[in-house]
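See structure below.
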Amino acid sequence: MRIGIDVGGTNTDAVALDGTTVLASVKQTTSEDVTTGIVRALQSLRAQHDFGPGEVEAIMLGTTHFINALVEGRDLAPTASLRLGLPATASLPPMVGWPERLTTATRGQSYLAHGGHEFDGQEISPLQPDEIRGIAQDMAAAGTRSIAISSVFSPINDEFEENAAEIIRAELGQDIAVSLSHEIGRVGLLERENATIINAALRELADKIIGRLVEVIHAEGYSCPLFLSQNDGTLMDVEYAQKYPVATFASGPTNSMRGAAITSGLETCAVVDVGGTTSDVGVLTNGFPREATTVVDVAGVRTNFRMPDVLSLGIGGGSVVGDGIIGPASVGYRLTSESLVFGGSTLTATDIAVAAGLVDLGDASAVAHLDRGMVNAMVDQIGTRVADTVERMRTSSAPLPVVAVGGGSVILPKALPGLGEIHLPRNSGVANAIGAAIAQVSGEVDKVYSLATRSRSSVIDEAKAEAIEKAIVAGASAENVEVVEFDEFPIPYLPGNATRIRAKAVGDLGIKEMAR
Amino acid sequence: MSMIATDTVSPQTYQLRPEDCPDFAAGAAILGTGGGGDPHIGMLMAQAALDKHGPADLVRLEDVPDDAVVIPVAMMGAPTVMVEKLASAEQFVESIRAIAKYLGVEPTHIACMEAGGVNSMIPMAAAAELGLPLIDADGMGRAFPELQMVLATLSGVQAAPMSISDEKGNSIVLETVSNKWAERLARTATVEMGCSTIVSLYAMTGEQVKSAFVPGTLSLCRELGECISYSRHHAGSAKDAVVSRLGAVQIAEGKISDVERRTTSGFARGRAELRTAEGPVEIEFQNENLLVRRGDEVVATTPDLIIGLDTDTGEAVTTEQLRFGTRISLIVAPADERWHSEGGLELAGPRYFGYDTDPVRPIEFSQ
């Protein structure tokens, strides 16, 4: 048995799963300290379905806590950023273009030092240990508690980032938190560096929250391993999560989508997650969300995390209907007091759904007076706009089934124009927790290779083998790990037919092999 | 009879400030015609320089004195490298100083060779750092991939002597027999210097600049960017405003139904298919969009500006961003007429890029 928990800003959802069968599912209010709400959810699960903690093989947790902390600028550690690349890159120092709110909240200190590599792996300038030592001392004097290191082209050669981290640890102690950019982002110095600084700023909070989580789960009698879900829908262990809190940023929408896949039995589909104010549309290919290829803005900072490609549209269960248009204004969580069917005076998308007979909710007589023609036109509008958004997310002309999840999914028509019937799986209200519970383990490679002296096939084989190796190191069972994604992007204006290769391998969690 | 003597009218000078840069960059992406390199990194550099050194003057082409000493500056290399190995603090200035020293001149103005893409922003950073005015004009009125592809080549201006500076402090000055040779040698040197360099080339007098440049193109970038930011605030599309400002025509609108890419000899070549209500339309690109076909019929070609706009916002869509499902309004804007001369077509017409066709222009351009 596995337990999946999804901690959102408002609700903490949990499920107990046997294989893909839902044994119990609960919804709790998220507590301010995160852990209390999780403990309550675990206790409610046991109240619903009698099981002993010893029967649980693993607990999987998805949380938006860390991205919320960043957005709100709270609990961030005093952070320093060290970039290796001088004399290159000095035209734009670290944290350029950051919102002042966040530079203040992180007490951001920036340093530039020699180092860095060229695109072909040669050094821009050698690392200067004395320079790094001096900077370390300066960081300590400034009260820095967490350090982000980035080096030019570290995704191609990580040597300088690793060496600089060693020098800094030797100066400031092995316990100083160090985040290295090659482990976090891809080519694109500023965006990768930004993601690394954000990670560094969240390290203390991650240590504290995740550490306490392990304690309370043990106190509840669970001795099984705890995993956290990552942006791509795969798992990381506790130790890794404490080092890479940024990897949790998009786990909410990802888990919803993957839960939708498992509950509907559709591995490749579009998922419409309808909330109170907006609907998020994403696409799953072989059970994994497609990733955004562009820069991702997080709390006003440009980053290049791997995030799922999600399009939002302003239609949800609480969307206000007026002047023949639905949304984007919404009554949100006040739906149960302000909508017509719940005795309020605002016409919402939910009222339209009740009037159209799509769902039986509240007092249907409160919407009996609505003009049939208007109701039908509004249902059509919801269908057309959702269908339009799904169309924009398609990557091929092959048929794409549509799965709807989320509390607001009752407002959707039975079918979408051009896309056919909408699948409404059971347990869709806790799809996010189910998504967490079924997650697998991955390993990934993203590097630029020169094809001048090597054959394309040998480069591809090397990248694939490295991705598989990384997945196994992360806990995947060696028996069923396989490469699930593979992309190759030729790079213009580089000599020797340079090509960027990205490979991702995924396998089931080898729970038995990891027992501890 | 006018009582105003023209020489007492003060030249209209615009003050470039950091907060203007996002509009310039959004417009430069449109003139990039699908390529030109992402202006974002250049925008950050321009903003940083303007922040540090104060506003720079953007002066009208017609107000540049005939005896002005004008040095254009640009970035050369692979866009992928530019976003990773950023320029050093002194790189722009070193490149300009290297050529000025070789020529034994004191520059009075900075100029932009390529208003489309990242090279719209580099001269702003350089002008701020040197405290020199920037000329509101550029060498081509769009983006092209090779350095001889500027109108100055048509008027016989030599790219060389030109300087190439890396971030380490190395500078090379090239003397070449032709602008095409300048491209070949500078490209080779750039690769050796780590694939991202700053070049200063086509040093000119004010008189030469006035005959060889396309006037007002940097202001045009700003105006296009303003159309986009205005529309964004009002939740509309800037498409119509962009079309009208460029004197362009829309030749197709639809969804990308197929994209095919390949890299050969350094170019990101490929084709994209657009499904429209009037049938499929094919876009051929080599970094920039170069040719459009409807069925077997060629309907637009380089040197005119073939621009893909996001139908919903009016923002530029680069060839790298093209993917299945992207909704594109494909528009064609007239290139500067000099590009349609015999010499212009030899430099950057469809045959130069390997398409066996004479240039084709929308019928509206001949009316």
Side-chain angles (χ1 to χ4, degrees), chain A residues 83 85-93 96-97 112 116-120 122 124-125 150-156 186-193 283 293-295 302 304 309 311 314 328 388 390-397 448 451 488-500, chain B residues 35 37-38 40-41 43-45 47-49 51 76-92 125 129 145 166-169 187-188 190-196 235 255 257-258 261-270 275 286-287 312 320-321 323-327:
Chain A
R83 185 197 293 163
L86 282 182
T89 80
S91 57
L92 290 173
V96 66
L112 286 163
H117 289 85
E118 302 279 5
F119 69 93
D120 58 3
Q122 293 184 55
I124 292 174
S125 50
S150 54
S151 182
V152 175
F153 276 117
S154 65
I156 288 170
R186 41 190 150 176
V187 171
L189 177 69
L190 290 180
E191 288 80 13
R192 184 176 73 250
E193 178 177 81
V283 170
T293 50
T294 47
V295 162
R302 278 170 65 101
N304 56 12
D309 196 2
L311 261 184
D388 217 38
V390 172
E391 283 290 344
R392 291 180 61 187
M393 294 294 289
R394 296 175 78 136
T395 52
S396 82
S397 50
V448 178
L451 299 179
E488 188 184 348
F489 306 97
I491 299 178
Y493 287 118
L494 277 184
N497 283 334
T499 191
R500 177 164 159 190
Chain B
D38 180 4
H40 181 80
I41 199 82
M43 180 193 83
L44 290 176
M45 288 172 185
Q47 279 183 320
D51 255 333
M76 187 166 193
T80 321
V81 175
M82 289 173 194
V83 299
E84 179 66 33
K85 188 177 70 167
L86 311 176
S88 71
E90 301 82 24
Q91 213 171 334
F92 309 123
E129 278 172 29
D166 70 10
E167 75 289 341
K168 301 173 189 70
R187 190 73 58 190
T188 310
T190 292
V191 169
E192 198 52 37
M193 290 163 111
C195 260
S196 178
K255 280 174 58 170
S257 51
D258 191 28
R261 299 172 208 279
R262 60 196 185 277
T263 292
T264 39
S265 59
F267 279 121
R269 289 170 207 261
R275 190 168 299 162
Q286 296 180 27
N287 301 337
D312 294 334
E320 279 177 19
Q321 293 164 341
R323 63 170 200 206
F324 184 97
T326 318
R327 276 209 289 205

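Here is how names work: the chains are called A, B, and so on, in the same order as the sequence lines, proteins then strands, and each is numbered from 1.
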Flag side-chain contact, heavy atom, 4.5 Å: A:L92 against B:I41
yes
B:V83 vs A:L189 side-chain heavy atoms within contact, under 4.5 Å:
no
Tell me, out of B:S196, B:A48, B:A87, who's got the most heavy-atom pairs with chain A below 4.5 Å.
B:A87
Expected output: side-chain B:E167 to main-chain A:P87 donor-acceptor under 3.5 Å:
no
Mind checking side-chain contact (heavy atoms from CB on, under 4.5 Å) for B:M43 and listing every partner two or more places apart, or none if nothing turns up?
B:C21, B:P22, B:A25, B:H40, B:Q47, B:M121
Chain A heavy atoms under 4.5 Å from B:M76: which part of the residue, side chain, backbone, both or neither?
neither
Can you measure from OG1 (A:T89) to CD (B:E84) and round to the nearest 0.5 angstrom?
10.0 Å
If you count heavy-atom pairs under 4.5 Å with chain B, which of A:S150, A:A88, A:S91 comes out on top?
A:S91
For chain B, find which of A:V96, A:V187, A:D120 contributes the most heavy-atom pairs closer than 4.5 angstrom.
A:V187
Applying a strict 4.5 Å limit to non-hydrogen atoms, the region of A:L112 in contact with chain B is neither
Any chance you could lay out the side-chain contact (heavy atoms from CB on, under 4.5 Å) test for A:L190 and B:L86, step after step, and finish with the verdict?
CA-CA 9 Å; A:L190 290 180; B:L86 311 176; 3.9 Å; yes
Side chains of A:H117 and B:K85: closer than 4.5 Å at any heavy-atom pair?
no
Quick one: list whatever passes salt bridge (Lys or Arg N to Asp or Glu O under 4.0 Å) with B:E90, sequence neighbours left out.
none
Which pair of non-hydrogen atoms, one from B:V191 and one from A:F119, has the smallest distance, and what is that distance?
O-CE2, 4.2 Å
Ignoring hydrogens, what is the shortest heavy-atom contact between A:A90 and B:A89? Give both atom names and the distance.
CB-N, 3.6 Å
Minimum heavy-atom separation for B:D38 and A:R302, please, with both atom names.
OD2-NH2, 4.3 Å
Residue pair B:R327, A:E391: steps toward the salt bridge (charged side-chain N to carboxylate O under 4.0 Å, His left out) verdict
CA-CA 10 Å; B:R327 276 209 289 205; A:E391 283 290 344; over 6 Å; no
Need one label for B:D51: side chain, backbone, both or neither, based on atoms under 4.5 Å from any heavy atom in chain A.
neither
